[in-house]
Amino acid sequence: MNVLAPGSGVVVTGAARGIGKAMATRFADEGCRVVVADIDAAELGSVADSIGALAVPGDAASAAGTAALVDAAREELGKIDAWYGNAGVERGRGLEASDHAWLTSYEVNVLAHVRAARLLLPEWVARGAGRFVVTSSSAGLLTLLGSPSYAATEHAEIAFAEWLAATYRHQGVVAQAIVARSVKTAMLERSSGLPGFRTAEGALTAEEVADAAWDAGQGSQFWISLEPDVAEEYATRAADVDAWLDGVNRIRQELDGESDQQ
């Protein structure tokens, strides 16, 4: 089984800050050869310089951007051993969210992975080794009140990673999903006030997520689950979805009541 190890060729998207930066740093510290990508060229360059990685700025969600990143990474690394699709967005609120917000969410949170997998899987299947990891959210297992575009696309993101695992596991390809409820990143700050996200005081650090990603890189388990309460709530949801929906709806009613009183 392929594992992350010194010398592994690794690509991390969304690596200019937050979880992506922390993962790229941890992988480089462990001796991996790292290529980082992000739409923020300036911040990405700083990260790459600090860890000795190759920076490939651009839109890794677009078809052209994905192809350019894969080509650059193969030229730099020789072969790509692991792909960490970390770039993600949270756009829009409620049913008022625009079509643009929905389409952007789908492009970044879902299609970016599909486009990368199309380019990576043939080679991985041919040599019987490869690792494809998505950074998702507990919203993809549960939901996120207030942000349907994020909840729906995170579900789709996890579903695609599950499909990869179900389809290619016997051919040496490992597919995994990082799932966290809240992480101290810029997204958490932007999502302040959305029920389901913890405050910064209760959130994980990006470095804790990176540590979990590295540890999971030594195995093949699908879930890189960081908080026991997420797994427990997911099991509760699966056992009785209507009871779970009633509970989540009560939270929505309580929040609506608080809003009415203000």
Side-chain angles (χ1 to χ4, degrees), residues 12-20 37-40 57-70 83-120 132-165 175-183 185-198 203 209 230 233-234 237-238 241 244-245 248-249 251-253 255-256 259:
V12 183
T13 71
R17 57 184 61 81
I19 295 172
D38 200 285
I39 203 165
D40 187 335
D59 182 4
S62 70
T66 301
L69 173 56
V70 169
W83 182 278
Y84 286 78
N86 173 74
V89 296
E90 189 275 307
R91 296 282 188 273
R93 294 289 187 274
L95 288 177
E96 297 75 25
S98 67
D99 285 358
H100 179 70
W102 274 93
L103 291 170
T104 299
S105 299
Y106 189 67
E107 285 277 338
V108 178
N109 297 343
V110 184
L111 278 182
H113 304 306
V114 176
R115 289 163 174 156
R118 284 175 180 153
L119 299 174
L120 296 167
F132 195 99
V133 184
V134 303
T135 300
S136 188
S137 161
S138 61
L141 295 179
L142 307 170
T143 192
L144 183 61
L145 292 172
S147 185
S149 57
Y150 187 71
T153 55
E154 290 298 289
H155 273 269
E157 177 181 39
I158 289 175
F160 179 66
E162 287 176 333
W163 181 88
L164 288 177
Q176 298 173 301
I178 298 172
V179 180
R181 189 182 292 276
S182 297
V183 184
T185 64
M187 182 180 286
L188 179 62
E189 295 174 5
R190 291 192 299 270
S191 302
S192 176
L194 284 177
F197 275 112
R198 288 194 177 124
V209 178
V230 173
E233 188 174 350
Y234 183 55
R237 173 185 181 273
V241 69
W244 176 78
L245 286 169
V248 177
N249 181 248
I251 296 173
R252 177 73 272 169
Q253 293 180 62
L255 293 167
D256 290 344
S259 298

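Here the structure is a predicted model, which is why all the values come from computation and not from measurement. Just so you know, these numbers use all the heavy atoms, side chains as well, and skip hydrogens, waters and symmetry mates.
Using the six-membered ring where Trp is involved, F132 and H113 have ring planes that are perpendicular, over 60° apart on the 30 and 60° scheme.
Taking OG of S149 as the reference point, atom CG of L95 lies at 10.5 Å (rounded to 0.5 Å). Of the inter-residue distances, the one linking R91 atom CZ with S105 atom OG reads 7.0 Å to the nearest 0.5 angstrom. Annotation: the span from N86 atom CG to I19 atom CD1 amounts to 5.5 Å, rounded to 0.5 Å. Interatomic distance, CD of E233 versus CG of L141, reported as 9.5 Å (0.5 Å rounding). Distance check: I178 CD1 to I158 CD1 gives 11.0 Å after rounding to the nearest 0.5 Å. Rounding to the nearest 0.5 angstrom, the gap separating the NE2 atom in H155 from the OG atom in S136 is 8.5 Å.
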Item to check | Candidate pair W244 and L142, rule side chain to side chain contact (heavy atoms under 4.5 Å, CB included), full reasoning | outcome: CA-CA 9 Å; W244 176 78; L142 307 170; 3.9 Å; yes

Item to check | Worked check of side chain to side chain contact (heavy atoms under 4.5 Å, CB included) between F160 and V134 | outcome: CA-CA 9 Å; F160 179 66; V134 303; 5.8 Å; no

Checklist entry - Going through the checks in order, is the side chain to side chain contact (heavy atoms under 4.5 Å, CB included) test met by N109 and Y150? => result CA-CA 8 Å; N109 297 343; Y150 187 71; 4.2 Å; yes

Checklist entry - What's the verdict on side chain to side chain contact (heavy atoms under 4.5 Å, CB included) for Y84 and T13, showing C-alpha distance, side-chain angles and the deciding distance? => result CA-CA 6 Å; Y84 286 78; T13 71; over 6 Å; no

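Here the closest heavy-atom approach between residue A161 and residue A175 is recorded as O-CB, 3.6 Å. Across all non-hydrogen atoms, the minimal contact from A16 to D38 is N-OD2, 3.2 Å. The shortest non-hydrogen separation linking G92 to A97 is CA-CB, 3.7 Å.
Screening T143, L145, L144 for a side chain to side chain contact (heavy atoms under 4.5 Å, CB included) with S147, the sole residue that qualifies is L144.
Looking at heavy atoms from C-beta onward, V12 lies out of side-chain contact with W83 at the 4.5 angstrom threshold. Side chains of P148 and W102 form a contact here, defined as non-hydrogen atoms less than 4.5 Å apart.
Put simply, the side chain of T104 never gets that close to the backbone of A101: no donor and acceptor are under 3.5 Å apart. With hydrogens and angles ignored, the 3.5 Å screen pairs no side-chain donor or acceptor of T66 with any backbone N or O of A116.
Side-chain atoms of E154 and S137 include no donor-acceptor pair closer than 3.5 Å.
With a 6.0 Å radius and a threshold of 12 heavy atoms from other residues, nucleotides or ligands, Y106 has its OH atom at or below the threshold.
Judged as a salt bridge (Lys or Arg N to Asp or Glu O under 4.0 Å), and not counting sequence neighbours, the contacts of R115 are E107.
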